[in-house]
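Data first, discussion second: the structure below is written as structure tokens.
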Protein chains: 2
Amino acid sequence: MVRPDSANVSERSEQPPSLAISTVIFALRPSESSGRPTLWLPLVRRIRQPYLGQWALPGGPLAHSESLQDAAARNLLDTTGLAPKYLEQLYAFGGLHRSVGHRLVSIVYWALVQPDEAELTRESTNVQWFRADRLEALAFDHNEIVDYALWRLRNKMEYGSIAYHFLGERFTLAQVREVYEAVLDRQLDPANFRRQLRSAPHIQETDEYLQGTRHRPPRLYRYTGPAPLYGANQQSKQPAEGLNESELRRVP
Amino acid sequence: MVRPDSANVSERSEQPPSLAISTVIFALRPSESSGRPTLWLPLVRRIRQPYLGQWALPGGPLAHSESLQDAAARNLLDTTGLAPKYLEQLYAFGGLHRSVGHRLVSIVYWALVQPDEAELTRESTNVQWFRADRLEALAFDHNEIVDYALWRLRNKMEYGSIAYHFLGERFTLAQVREVYEAVLDRQLDPANFRRQLRSAPHIQETDEYLQGTRHRPPRLYRYTGPAPLYGANQQSKQPAEGLNESELRRVP
DNA sequence: ACAAAAGTGTTTGGCTTACACCCATGG
DNA sequence: CCATGGGTGTAAGCCAAACACTTTTGT
């Protein structure tokens, strides 16, 4: 079983690195304190070694009959009950000491879910939502992974049409602004923001207005662009990192 | 060996997917026809099945003692003799039918090398440079991978400080412009381009001038920014996809 | 009537673009 | 002294930031 050129290495460390798929899922939920929307993500408690009892990103091994993205989606459904419409590859993490006792390579995806979808999470003692900016120490290198996903989310928010995936089918322009403000953590000028959105592609105005506010009823809009999950290519050619087409220039 | 829930599946397809690291390497070399710089990349001929005899990206399995990036760098050195200063993760490819006879997941890196480095390639009947825009049918899904790497390169060129990695330690601003023109495949205004570069960060003018031209000697500059290879984090937080900081705004 | 947010208009400054022009060298 | 590309100047035009102002609802 041990190959000749490595007879002096223990058999365990000769086994190929194991490959897992994990996902960082973001949703906006009202803050307990201020009530304003903030970023949350669901975590799963480890029920085996290593890191038994600690919180971790949902994930699992790659089944041989699934593509990477299918594996991410299925695993999410199995562990949390979520089925995000936005799902995209984030990065492959393969450091030598990410786990203890074995070599682990994780291909990590990231996802966005709408608030009503998020409510359907099968929460339990082992599955819970946490505020993204107040995480305890997670299993493996998952804190670093979340940080990277947050960086990517903010980056992509600045020049991609991504904010709509946090919202339902119809939304007001002010709701889109609140998404930007929550993710980027700064105030934006309502007047200029609205102008930019109206001139952005894939934003369609409807004939409907949101009723029940204690002021002038805002018009509802619809997003007509594609969700990356069903895109033709696995690698949605939209830069985060890279780099994506500048559909929306800069956010005020 | 075969688990109960998959007794009807052949044993071979039960083996875990194999994991490989490959790299797309870009360099600028003078075109045979026009002499102007164009994009080239080195390929390696397959010496075993599958795809025996076809050209493929340099790559190989992941050794258990190497990080992903180290594996990419070492493999590059082994197969081509190249040691790029710029090396960054591109994407993880894991489609079901990328290879024949087994399930293969490839974590792909991309690299940039300077012309003088490129000359040191150990070329042979099994290692050769090809023009990036005139590739034959490659092994596996490597044509798609090269296309994606090209897209990422162009994308990142537009708002990242990446062009310098195609050049030596000192260079003229016109040489930088030629890099942009070669990669983006369009002409740029020399006057405006030079102004943008001079106001860009990490561009330091030297006291030296390039001699031997048949016109006014251009000043030489130096790039003082970091090369991602030695960056602290594996994932260089520069968007390509992401998303990246806009160090250089837009190219004229 | 008033508060509050939706929605419109207008000014300003910065930055890109286009292009005219001068500079320094080799032949 | 001419050709060639290096390098500078500058006006036009576009776009985003700032902010004043009008509109439409609920209470």
Side-chain angles (χ1 to χ4, degrees), chain A residues 30 34-37 157-161 163 167 170-182 184 186-201 203-222 245-252, chain B residues 30 34-37 157-161 163 167 170-182 184 186-201 203-222 245-252:
Chain A
S34 72
R36 293 157 53 86
M157 186 81 70
E158 293 189 2
Y159 43 79
S161 41
L167 300 170
R170 275 168 296 180
F171 46 82
T172 69
L173 298 188
Q175 286 171 336
V176 181
R177 179 167 49 82
E178 281 169 8
V179 172
Y180 275 82
E181 290 180 339
L184 301 181
R186 71 179 135 111
Q187 301 284 106
L188 303 174
D189 183 309
N192 294 329
F193 186 83
R194 121 179 280 282
R195 256 189 295 266
Q196 284 193 50
L197 273 195
R198 296 213 44 160
S199 70
I203 298 286
Q204 195 175 64
E205 75 174 31
T206 70
D207 296 338
E208 290 151 298
Y209 294 82
L210 180 63
Q211 305 293 344
T213 60
R214 62 169 171 269
H215 53 78
R216 173 174 175 175
R219 185 187 284 270
L220 289 169
Y221 292 78
R222 184 185 282 115
E245 287 359 276
S246 47
E247 302 184 20
L248 193 137
R249 292 280 174 200
R250 216 183 323 170
V251 176
Chain B
S34 72
R36 293 156 54 85
M157 185 82 69
E158 293 190 2
Y159 44 80
S161 43
L167 299 170
R170 275 168 296 180
F171 46 82
T172 69
L173 299 188
Q175 286 170 336
V176 181
R177 180 167 48 82
E178 282 169 8
V179 172
Y180 275 82
E181 290 180 339
L184 301 181
R186 71 181 135 110
Q187 300 286 106
L188 303 174
D189 183 310
N192 295 329
F193 185 83
R194 119 180 279 283
R195 254 189 296 265
Q196 286 194 47
L197 272 196
R198 295 212 46 160
S199 69
I203 298 285
Q204 195 175 66
E205 75 174 32
T206 71
D207 297 337
E208 290 152 297
Y209 294 80
L210 180 63
Q211 305 292 345
T213 60
R214 61 166 173 268
H215 53 78
R216 173 173 173 177
R219 186 186 284 270
L220 290 170
Y221 293 78
R222 183 185 283 115
E245 291 354 281
S246 48
E247 302 185 21
L248 194 137
R249 295 275 173 204
R250 217 186 321 172
V251 176

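The chains referred to below are lettered A, B, ... by the order of the sequence lines, with proteins before strands, and numbering in each begins at 1.
- To the nearest angstrom, P of dC21(C) lies 20 Å from CZ of R194(B).
- Rounded to whole Å, the distance from CG on L210(B) to P on dG26(C) is 12 Å.
- Here the side chain of Q175(B) pairs a donor or acceptor atom with the backbone of T172(B) at under 3.5 angstrom.
- Atom CZ in R198(B) sits 7.0 Å away from atom CZ in R219(B) (nearest 0.5 Å).
- The side chain of H215(A) lies closest to dT25(D), out of dA20(D), dG6(D), dT25(D).
- As judged by a 4.0 angstrom heavy-atom cut-off over every strand, A174(B) is placed among residues touching the sugar-phosphate backbone only.
- To the nearest 0.5 angstrom, L197(B) atom CG is 5.5 Å from L173(B) atom CG.
- The side chain of R216(A) lies closest to dT23(D) when the candidates are dT4(D), dG9(D), dT23(D).
- Phosphate contact (OP1/OP2 of dA17(D), side-chain N/O of Q196(A), threshold under 4.0 Å): present.
- Comparing T213(A) and R195(A), the nucleotide of DNA chain D nearest to each residue sits closer to the 5' end for R195(A).
- Distances shorter than 4.0 Å separate some side-chain N or O of R177(B) from OP1 or OP2 on dG6(D).
- When each of dT8(D), dT8(C), dA18(D) is scored by its nearest atom to the side-chain atoms of D189(A), the top-ranked nucleotide is dA18(D).
- Distance from the side chain of P217(B) is smallest for dT25(C) among the nucleotides dT8(C), dG7(D), dT25(C).
- For the pair R219(B) CZ and dG7(D) P, the interatomic distance rounds to 8 Å; values are reported in whole Å.
- We find that OH of Y159(B) is positioned 19 Å from C1' of dC15(C), with the value rounded to whole Å.
- Separating the CZ atom of F193(B) from the P atom of dG6(D) is a distance of 12 Å, rounded to the nearest angstrom.
- Residues V176(B) and F171(B) have side chains in contact (heavy-atom distance under 4.5 Å, counting atoms from C-beta outward).
- Regarding L188(A), its CG atom lies at a distance of 17 Å from the P atom of dG7(C), rounded to whole Å.
- Distances were taken from every side-chain heavy atom of N192(B) (C-beta onward) to each of dT17(C), dA20(C), dT8(C); the shortest belongs to dT17(C).
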